[in-house]
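The structure under discussion appears below in the form of structure tokens.
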Number of protein chains: 2
Amino acid sequence: MSLKHAILVLLETEPSSGYDLVKHFKSRLGYFWNAKHQQVYLQLKKLTEDEWITFKAHSQSNKPDKKVYEITELGRKGLGDWISQPVKPNKINDALLVKLYGGHLTSKDNILAELAAHKKSHESVLENLLNIENNYLELNKDKQAHYLLPYMTLRRGIIGEKAWLEWADEVEKTLSI
Amino acid sequence: MSLKHAILVLLETEPSSGYDLVKHFKSRLGYFWNAKHQQVYLQLKKLTEDEWITFKAHSQSNKPDKKVYEITELGRKGLGDWISQPVKPNKINDALLVKLYGGHLTSKDNILAELAAHKKSHESVLENLLNIENNYLELNKDKQAHYLLPYMTLRRGIIGEKAWLEWADEVEKTLSI
DNA sequence: ATCTAATATGCAACTTTTTGCATATTAGAT
DNA sequence: ATCTAATATGCAAAAAGTTGCATATTAGAT
């Protein structure tokens, strides 16, 4: 039950609407957490009922109204408690690897085409992460220190994506012989 | 819905009991797929109802009886169909990164201790994968060619775990300043 | 005017996964 | 004899996630 906590850490950094959070997950923290908008809105509702967060309706002149949520003291305490407890190692369920494992049941071309498609998507994620890194590196030292931990999570994304692409190249070379 | 397919690719390689499959997931394919035994037994039941797999009861003198499942023609066809279709890029939900992102809510020692614990677990996974790789590399060329695709998935595990450890070292160094 | 895309939120049904509980066999240790 | 650990399987309830559907606002294009 960690979508809850993923939402809370983001709200702890800055108040946001559900829509903002989803965009955050989609665009910047995809290597970190993924959630559909329906799931996010549901958790926001539950967190509001538990009084871990509150919201204010913000009317916008150029866009539909939105609810901007912020974390409460209760929420900050709950989040702190969770963060102080150990978390389980990450669970990996990778359908592409399942497919590759059983790749003899389809054509080599099909496998290579699918790999190429995934490669494109990983390349675009990496590019995006590198842009964010560049922005971070241009900050002054105080701000860099302030965002050090989020930056460390960004580094996980960058190193992880590079490793994925390295692996994909290896597979392409091996299968093309 | 890919646990189903993960089970099928394993059964397509060799007939196994539910217990074997779980051990497989736990010990060798943890970088590939993870599932609790209850979930595996449930899917085996459903796959049997759909006649994608069948089982024979094997009585063992030194251990409790077990059901050894094997894939049917119907199952092989279903698996082949699934493998020919594109799969979505992998979804990542990483609680450790959530924790690190909000790490200012706990102590640096706590963060470093947790990181060290995860590091140990990743080191042991990597060691395990490298042992399997060594076994693979000692096979003759025919066998190596036969297991090439599973070996590629193993490589994903090795490259991924090395990248994880590289990242963890970077975090340790950065936070220890 | 009408269509499209982006913004913004949400319910309901269904699937998948997790957690808790439960049982049974055999080997080996105390 | 009894306890422990490994082997082996499963049901039921709850939690988490996905898919389908639904609605409303505003900007900009046709």
Side-chain angles (χ1 to χ4, degrees), chain A residues 1-8 11 15-27 30 32-50 53-69 82 87-95 98, chain B residues 1-8 11 15-27 30 32-50 53-69 82 87-95 98:
Chain A
M1 219 227 290
S2 276
L3 168 55
K4 197 165 123 174
H5 304 107
I7 290 172
L8 285 170
L11 292 182
S16 318
S17 66
Y19 195 82
D20 295 337
L21 291 169
V22 173
K23 265 204 306 186
H24 227 74
F25 285 137
K26 260 191 204 155
S27 66
F32 173 117
W33 205 269
N34 282 275
K36 311 272 176 191
H37 79 266
Q38 295 94 329
Q39 187 74 1
V40 170
Y41 286 118
L42 186 68
Q43 288 300 325
L44 286 172
K45 196 186 166 189
K46 286 185 183 173
L47 284 165
T48 306
E49 281 165 9
D50 293 345
I53 60 178
T54 51
F55 70 89
K56 282 175 195 154
H58 278 231
S59 49
Q60 307 174 108
S61 56
N62 57 339
K63 285 170 195 170
D65 295 358
K66 63 177 174 180
K67 294 178 180 176
V68 175
Y69 290 88
W82 177 77
V87 294
K88 286 178 212 159
N90 211 28
K91 208 192 80 165
I92 296 168
N93 286 10
D94 191 328
V98 174
Chain B
M1 217 228 290
S2 275
L3 168 56
K4 196 165 123 172
H5 303 107
I7 290 173
L8 285 170
L11 291 184
S16 317
S17 67
Y19 195 81
D20 294 337
L21 291 169
V22 173
K23 265 203 307 185
H24 226 75
F25 285 138
K26 262 192 204 152
S27 65
F32 175 126
W33 205 269
N34 282 275
K36 310 271 179 193
H37 79 266
Q38 295 94 327
Q39 186 71 2
V40 170
Y41 286 118
L42 186 67
Q43 288 300 326
L44 285 172
K45 197 186 167 189
K46 285 185 182 173
L47 284 165
T48 305
E49 281 164 10
D50 294 344
I53 60 177
T54 50
F55 70 89
K56 281 174 195 155
H58 279 230
S59 50
Q60 306 173 106
S61 55
N62 56 339
K63 284 170 195 173
D65 295 358
K66 65 177 172 180
K67 294 179 179 175
V68 176
Y69 290 88
W82 178 78
V87 293
K88 286 179 214 159
N90 212 30
K91 209 191 77 163
I92 295 167
N93 287 10
D94 192 327
V98 174

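Letters A, B, ... are given to chains in the order of the sequence lines, protein chains preceding strands, and every chain is numbered from 1. Quick caveat, the model's predicted, so the values are computed rather than measured.
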Partner nucleotide, any strand, of D:dT26 [Watson-Crick/G-U, under 3.5 Å]: C:dA5
C:dG10 - base-pair partner by Watson-Crick or wobble geometry, distances under 3.5 Å: D:dC21
5' precedence on DNA chain D between B:Ser17 and A:Gln60 (nearest-nucleotide basis): B:Ser17
Most 5' of A:Gln39 and B:Pro64 on DNA chain D, judged by nearest nucleotide: B:Pro64
Distance, rounded to the nearest Å, where [X] contributes [atom1] and [N] contributes [atom2]:
X       : N      : atom1 : atom2 : value
A:Asn62 : C:dA6  : CG    : P     : 16 Å
A:Lys63 : D:dT23 : NZ    : C1'   : 20 Å
B:Lys26 : D:dA6  : NZ    : P     : 11 Å
B:Lys88 : C:dT15 : NZ    : C1'   : 12 Å
B:Tyr41 : C:dT17 : OH    : P     : 17 Å
B:His37 : D:dA12 : NE2   : P     : 14 Å
B:Asn93 : D:dA15 : CG    : P     : 19 Å
A:His58 : C:dA8  : NE2   : P     : 12 Å

Where A:Asn90 and B:Ala95 come nearest, the two heavy atoms and their spacing: OD1-N, 4.1 Å
With respect to the side chain of [X], which nucleotide from [options] is positioned closest?
X       : options               : result
B:Tyr19 : C:dA8, D:dA6, D:dG17  : D:dA6
A:Lys67 : C:dT17, C:dT7, C:dG10 : C:dG10
B:Lys36 : C:dT18, C:dT17, C:dA8 : C:dT18

Sugar-phosphate only, base, or nothing, as touched by [X] at under 4.0 Å among non-hydrogen atoms:
X       : answer
A:Lys4  : nothing
A:Lys46 : nothing
A:Leu42 : nothing

Whether A:His5 and A:Trp82 hold their rings parallel, tilted or perpendicular, with breakpoints at 30° and 60°: parallel
Presence of donor-acceptor pair under 3.5 Å, side chain of A:Gln38 and base of D:dG20: yes
Heavy-atom check, side chain of A:Asn34 versus side chain of A:Phe25, under 4.5 Å: no
Residue mapping more 5' on DNA chain C - nearest nucleotide basis, B:Leu3 or A:Lys23: A:Lys23
A:Tyr69 and its side-chain contact (heavy atoms from CB on, under 4.5 Å) partner, picked from A:Leu8, A:Leu44, A:Leu21: A:Leu44
Distance in Å, B:Gln60 CD paired with B:Asp65 CG, rounded so as to fall on 0.5 Å steps: 7.0 Å
